[in-house]
Amino acid sequence: FLSVYFFSSIHAWRCQFLPAHAALMGQKMGKNKIDVAPAAPLTRNDVGHLSWQDQHSTVLQELLSMYDNSVKLLEDQYLYDQFRPSYFQDALTCTTPLVLFIGPFSAGKTTFINYLLGGDYLFTGPEPTTSRFTCVCYGNEVQQISGHILSSSSDMPFRGLQRFGHEFLEGFSGFQCPADVLKSITLVDTPGVLETADVHSRSYDYIEAMRWFVEHADLVFVLFDPSKLDAGAELRSLFTSALKGAESRVRIVLNKADSVGHHELMKVHGALFWNLSNLITTSEPPRVYVSSFWSKAYKPDTNHLLFETEKQALLYDMLYAVPLEALDRKVANLLRRAQMALIHACVLGTARMKLPAFFGKTKGKVKAIENLSQIYQEIQGKYKLPVVNFPAESEYKNFLAAHDLYDFPKLDQLEKKSGLIRKVQDLIGVQIPGLLRSISHNTIADPRQNRILLTMLERQEKQAAQNATHVKTDQHKNFLFAQAVAHMGKGSANPSLGGEPETTTAEPLRFAAVGAAVWG
């Protein structure tokens, strides 16, 4: 009896005193351990009353929380960041959209950037002057930033550039200035495209570096000079590799348009499309802006109205449309990242489930790699994932050549233990779409009560009645006209002509008078 009383007293003390003591200690230390129900997913309606800066910060924090709490955990289980290296968190935390400028040497890229900044901050000249990547961002003071420092900062989305080596970072720099336009966007100036890449080789992979910038850019401008429209080998590689898949974000700029006359400008515009027709594979051509983007006045005898209209359209696209769509683009990027991480986990987790537990492990791994197409079909049917988004089988063959498939967890065991697959699916299907702009759905109207249909039928009936009235009126007028003509034809006969009716030169005038009287 004493033992039972003793243990029951201890149990009552643990149930009453320990939770209260833990809560008190948690409050003192600022770490209250009491569980709280999870907050509902953030929607666009929740941040509609906030300022633009508060909306931007709130949505970015929510996106980062979604990524860290579900997608990142699933990526760590199957080493997705080693499968496709990237600094995705840096891209989420980047507050301003990235605008990229590409083009041949002396096409006016740096001059265009100086025009946007409102001053000659970057050095320009008639000869090629830009031989490095320059990130232009906002700062209270004008200063240069080393590429090594810029690529090491977690506040900027450039840590992924470290994989291109020190030689690339030596040609990469940052520039800060207090220009108002940089509060909305970040500009990136690039080296001019070489026309003879075989002669002047670069010390780094230029196409891959451009591909990295294009993937992280919100808008890409490709500038051309009217006197330099030839597409060299490096420009072809740029369009077929770096810009492949990003055609919706590409804008073509025919700069220095006032350097040619009206007729020459039309020929240059056609020649530009002719040269790019073999490089752009999309059915819809990109938007082409034709103007001269610098602070100087337009040359005389050129189309000033066209140039100014094109300039205003470009500035609207860059300074208003792109920042306005930046948040939705980040939400869409997180959705795409979650889908790719889910596909990667399903592929490796399902392949791991098919491996033998004890004997024939080596043959089992080889067989699993050879049967990736069957695994793709199985995953597509089970998880409703689009097979067009699946990575190429060669990527997994290269990845599994460096990693042992037995090191990854089985998909069913991982789901039973942590439920990460279900969390990511909920993120893809519910939480992330809630952050996108809502789409209104209207109910289908009853066709029997559709006023539009009734109005159309009434209009057709009125039109038919009017047509019938016009037909009767026309028939009556034709009858009167025929009677008048018959009456006019009964003239006096001339005996010398065998009784034929007599006609005079006044007859056409009489016919005209009768027709005018009848037909009004």
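Keep in mind that this is a model prediction, so the values were computed, not measured. Count residues from 1 along the sequence.
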Might you confirm whether atom [atom1] of [X] has over 12 heavy atoms from other residues, nucleotides or ligands at distances under 6.0 Å?
| X | atom1 | result |
| --- | --- | --- |
| His166 | NE2 | no |
| Tyr320 | OH | no |
| Met266 | CE | no |
| Asp404 | CG | yes |
| Glu284 | CD | no |

Q | Donor on one side chain, acceptor on other, Gln312 and Glu308, under 3.5 Å | A | yes
Q) Strictly by modelled atom types, are Gln176 and Asn140 linked by a side-chain donor-acceptor pair under 3.5 Å? A) no
Parallel, tilted or perpendicular: which describes the rings of [X] and [Y], with under 30° parallel and over 60° perpendicular?
| X | Y | result |
| --- | --- | --- |
| Tyr396 | His344 | parallel |
| Phe293 | Tyr115 | perpendicular |
| Phe168 | Phe213 | tilted |
| Phe390 | Tyr376 | perpendicular |
| Phe158 | Trp212 | tilted |

Q) If you draw the axis of the six-membered ring of Tyr406, does the NZ or CZ of Lys361 fall within 45° of it and under 6.0 Å from the ring centre? A) yes
Q) Of the options Ile252, Thr309, Asp317, which is the one that meets Tyr289 in a side chain to side chain contact (heavy atoms under 4.5 Å, CB included)? A) Asp317
Q. Per the side chain to side chain contact (heavy atoms under 4.5 Å, CB included) rule, which among Asn114, Val136, Ile113 passes with Tyr121?
A. Asn114
